[in-house]
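Below: one structure, written as structure tokens.
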Number of protein chains: 2
Amino acid sequence: MKRTRHQHMMKLISEKDIKTQEQLTELLRADGFAVTQATVSRDIKELGLVKTTAQFGGYKYAVQSMPEIEDTSEQLNIFSKAVVSIDSALNQVVIKTYAGMAQAVAASLDRMMSNEIVGSIAGDDTVLLIVRTEETAMLTVSRLKKMFYKRR
Amino acid sequence: MKRTRHQHMMKLISEKDIKTQEQLTELLRADGFAVTQATVSRDIKELGLVKTTAQFGGYKYAVQSMPEIEDTSEQLNIFSKAVVSIDSALNQVVIKTYAGMAQAVAASLDRMMSNEIVGSIAGDDTVLLIVRTEETAMLTVSRLKKMFYKRR
DNA sequence: CTCCAAAATGTATATTTATACATATTATAC
DNA sequence: GTATAATATGTATAAATATACATTTTGGAG
């Protein structure tokens, strides 16, 4: 449920100017997601959304596009800073990153999990991992996600 | 005074992880800017700063980088001009484009169909889309083809 | 299925942020 | 210079957001 809700939230904020978490809560409710402001606040944190200045004076929620890169570049660090989302289909794991960072993430993952990964390809902002089975793919997603959130 | 303060605020948030406006107020005070939280709140709005998720679970203020501009008709246009062919295999959709245009097409498709697409990777003249199922892949091909022909 | 642990969520509330209103400061015209 | 308008700021507080704690739900392991 959380997963679907997160996706729906992204959709909502891309379609409308949402000023408050209360408003977002109501919209979610209207679409059948029974949540409270507290949960929305947590979701916003997890999705990395931000309250930003809107066109005409007010505020609205939006995705925070690009974090500044700082600190030293250890593997996990690169990973947690560059990754936007992680998903799988069949035996493929797809990792979306901020623009230009896919290469770095792929290299990092190659080093970290070379045994699970059959192969990897990186474009500009997407990494594709080929693993052996559908199960491995799902497992990999959940492992990567844990890693990802632990680091935030 | 305001101008200088704004500059100093930018400097502060780039150097430190500032969690609250109260904290920023104190830092400004320590550097000789006599302000209150109210003013800081207004400054933040004017500077377009956002409270975003930090590395280790907390929040911090940061600059909100430019949001991408979405123009669906423009997207369609890029698409129809660049694409050469569309085909699928299993859960993968392969789109061939004229040389050097794959990146633009991929970006365009990402925005247009983010729900269907698990991930996309673009080389120079080929885009690979990963979707969830074989059915989705075929459906996507037919939708893209329709779109493609409508525009020519 | 039962038990346990982890994750998710709600409730109530503390914390944080935005703003209405009053006052002060700065700029502009004369 | 003075008068007037525009801008900036503080104070007090309303509004919005984050979170401690309690409860529910979910996901294995046996």
Side-chain angles (χ1 to χ4, degrees), chain A residues 1-10 12-13 16-29 31-64 86 88 134-152, chain B residues 1-9 12-13 16-29 31-64:
Chain A
M1 187 86 297
K2 193 180 177 183
R3 186 73 197 284
T4 342
R5 189 180 63 235
H6 278 190
Q7 284 174 353
H8 199 66
M9 285 175 67
M10 296 300 275
L12 284 173
I13 70 152
K16 307 191 179 200
D17 279 16
I18 293 167
K19 288 201 273 237
T20 69
Q21 297 184 0
E22 225 29 271
Q23 187 188 348
L24 184 47
T25 307
E26 279 159 31
L27 289 171
L28 284 167
R29 283 228 164 98
D31 293 346
F33 296 89
V35 278
T36 59
Q37 174 267 324
T39 298
V40 169
S41 170
R42 294 177 187 116
D43 286 348
I44 281 171
K45 189 176 189 174
E46 284 166 27
L47 289 168
L49 301 183
V50 294
K51 191 181 183 179
T52 187
T53 311
Q55 308 251 329
F56 194 67
Y59 292 89
K60 73 168 205 178
Y61 278 93
V63 295
Q64 165 68 325
I86 306 161
S88 74
E134 191 162 354
E135 290 74 45
T136 315
M138 293 189 294
L139 184 63
T140 303
V141 168
S142 89
R143 285 182 55 201
L144 290 178
K145 281 197 172 168
K146 264 186 196 144
M147 216 168 78
F148 180 52
Y149 286 123
K150 190 173 288 174
R151 272 283 167 160
R152 308 196 89 201
Chain B
M1 187 87 297
K2 193 180 176 183
R3 175 66 61 86
T4 342
R5 188 180 64 234
H6 278 190
Q7 285 174 352
H8 199 66
M9 284 175 68
L12 284 172
I13 70 152
K16 308 191 177 200
D17 279 15
I18 294 167
K19 288 200 277 235
T20 68
Q21 296 183 1
E22 215 46 80
Q23 188 188 346
L24 184 47
T25 307
E26 280 160 28
L27 290 171
L28 284 167
R29 284 226 163 99
D31 293 346
F33 296 88
V35 279
T36 60
Q37 174 266 324
T39 298
V40 169
S41 170
R42 294 177 187 118
D43 286 349
I44 281 172
K45 188 177 190 174
E46 285 166 26
L47 290 168
L49 301 182
V50 294
K51 191 181 183 181
T52 185
T53 311
Q55 271 99 289
F56 288 98
Y59 292 88
K60 74 168 206 178
Y61 278 92
V63 295
Q64 165 71 325

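All figures in this text were calculated on a predicted structure; none of them were measured in a lab. Here is the naming used below: chain letters follow the sequence lines, and residue numbers restart at 1 for every chain. As a basis for the values below, the full set of heavy atoms in this structure was taken, side chains included, without hydrogen atoms, waters or symmetry mates.
The shortest distance between the side-chain N/O atoms of B/Lys51 and the OP1/OP2 oxygens of C/dT17 is below 4.0 Å. Between D/dT19 and A/Lys45, a contact under 4.0 Å exists linking OP1 or OP2 to a side-chain N or O. Taking side-chain N and O atoms only, B/Thr36 has no distance below 4.0 Å to OP1 or OP2 of D/dT9. Using a 4.0 Å cut-off, some side-chain N or O of B/Arg5 falls inside it from OP1 or OP2 of D/dT9. Between A/Gln21 and the phosphate of D/dA18, there is a side-chain N or O to OP1/OP2 separation shorter than 4.0 Å.
Looking at heavy-atom distances under 4.0 Å, B/Arg3 makes no contact with the nucleic acid at all. Base engagement by A/Ser41 is indicated by at least one non-hydrogen atom pair under 4.0 Å involving a base atom. Residue-level contact check: A/Tyr61 touches the backbone only, with heavy atoms under 4.0 Å from sugar-phosphate atoms and none from bases. Using a 4.0 Å heavy-atom criterion, one finds that B/Val35 contacts the sugar-phosphate atoms exclusively.
Between A/Asp43 atom CG and C/dT9 atom P the separation is 7 Å, expressed in whole Å. Protein atom CD of B/Glu46 is 13 Å distant from nucleotide atom C1' of C/dA18, rounded to whole Å. Between A/Ile44 atom CD1 and C/dT16 atom P there is a gap of 18 Å when expressed in whole angstrom units. Rounding to whole angstrom units, NE2 of residue B/His6 and C1' of D/dT9 are separated by 12 Å. At whole-Å resolution of the value, NZ in A/Lys19 and P in D/dT17 are 12 Å apart. The nearest whole Å value for the distance from the CD atom in A/Glu26 to the P atom in D/dT17 is 12 Å.
A donor-acceptor pair is defined here as one N or O able to donate and one able to accept, closer than 3.5 Å; no such pair exists between the side chain of A/Ser41 and the backbone of A/Gln37.
Closest non-hydrogen pair, B/Arg5 versus B/Phe33, comes out as CA-CE2, 3.6 Å. Nearest approach of B/His6 to B/Asp43, heavy atoms of both residues: NE2-OD1, 2.9 Å. Shortest non-hydrogen contact noted between A/Tyr61 and A/Ile44 is CE2-CD1, 3.8 Å.
Counting only heavy atoms from C-beta outward, the side chains of B/Gln21 and B/Thr36 never approach each other to under 4.5 Å.
No hydrogens or angles were tested; on distance alone, nothing pairs the side chain of A/Glu22 with the base of D/dA15 as donor and acceptor under 3.5 Å. In the interface, the side chain of A/Gln37 is not paired with the base of D/dA16 through any donor and acceptor atom under 3.5 Å apart.
Residue whose closest nucleotide on DNA chain D sits further toward the 5' end, between B/Lys2 and B/Ala38: B/Lys2.
In the set C/dT16, C/dA12, D/dT11, D/dT11 carries the atom at the smallest distance from any side-chain atom of B/Arg42. With C/dT9, C/dA18, D/dA18 as the candidates, the nucleotide lying closest to the side chain of B/Tyr59 is D/dA18.
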